[in-house]
Amino acid sequence: MEDTQILGRIGELVAEEHQLRARAAGDGLDEQSSARLRALEEHLDQCWDLLRQRRAAEEFGQDPGTAHQRPSDEVESYLQ
């Protein structure tokens with residue numbers, strides 16, 4: 001999956017999350033919607049982690065599978 005695909009998926013998930021949170025603010029969420037919101041949050045975390053790993057791999061010349069082994073401040077430095 002390319003970065004643009006990951007970013008597109010993140011956008012879709014955020015839009016759905018926003019709709020669920022707006023509904024929760026108005027009427028509250030039923031059990032199924034609450035479960036969907038938790039699943040969305042988990043999937044968003046996974047997408048962001050994948051994107052961070054890919055960018056760390058580009059920055060540090062490592063494959064994404066080993067990017068998590070670097071100190072977090074070093075891995076996150078690509079954002080600066």
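We count residues from 1, following the sequence as given.
One finds the CZ atom of Arg9 at 12.0 Å from the CD atom of Gln5 (value rounded to the nearest 0.5 Å). Note: Leu50 CG to Ile6 CD1 = 4.0 Å, rounded to the nearest 0.5 Å. The line from CG of Leu40 to CD of Glu12 is 11.0 Å long, rounded to the nearest 0.5 Å.
For the salt bridge (Lys or Arg N to Asp or Glu O under 4.0 Å) condition, the pairs that include at least one residue of residues 31-40, sequence neighbours left out, are Glu16-Arg36.
For Asp49, the salt bridge (charged side-chain N to carboxylate O under 4.0 Å, His left out) partners are Arg52, not counting sequence neighbours. Applying the salt bridge (charged side-chain N to carboxylate O under 4.0 Å, His left out) criterion to Arg21, with sequence neighbours excluded, gives Glu17, Glu41.
Scanning all heavy atoms of the two residues, the minimum distance from Leu29 to Leu37 falls at CD1-CD2, 3.9 Å.
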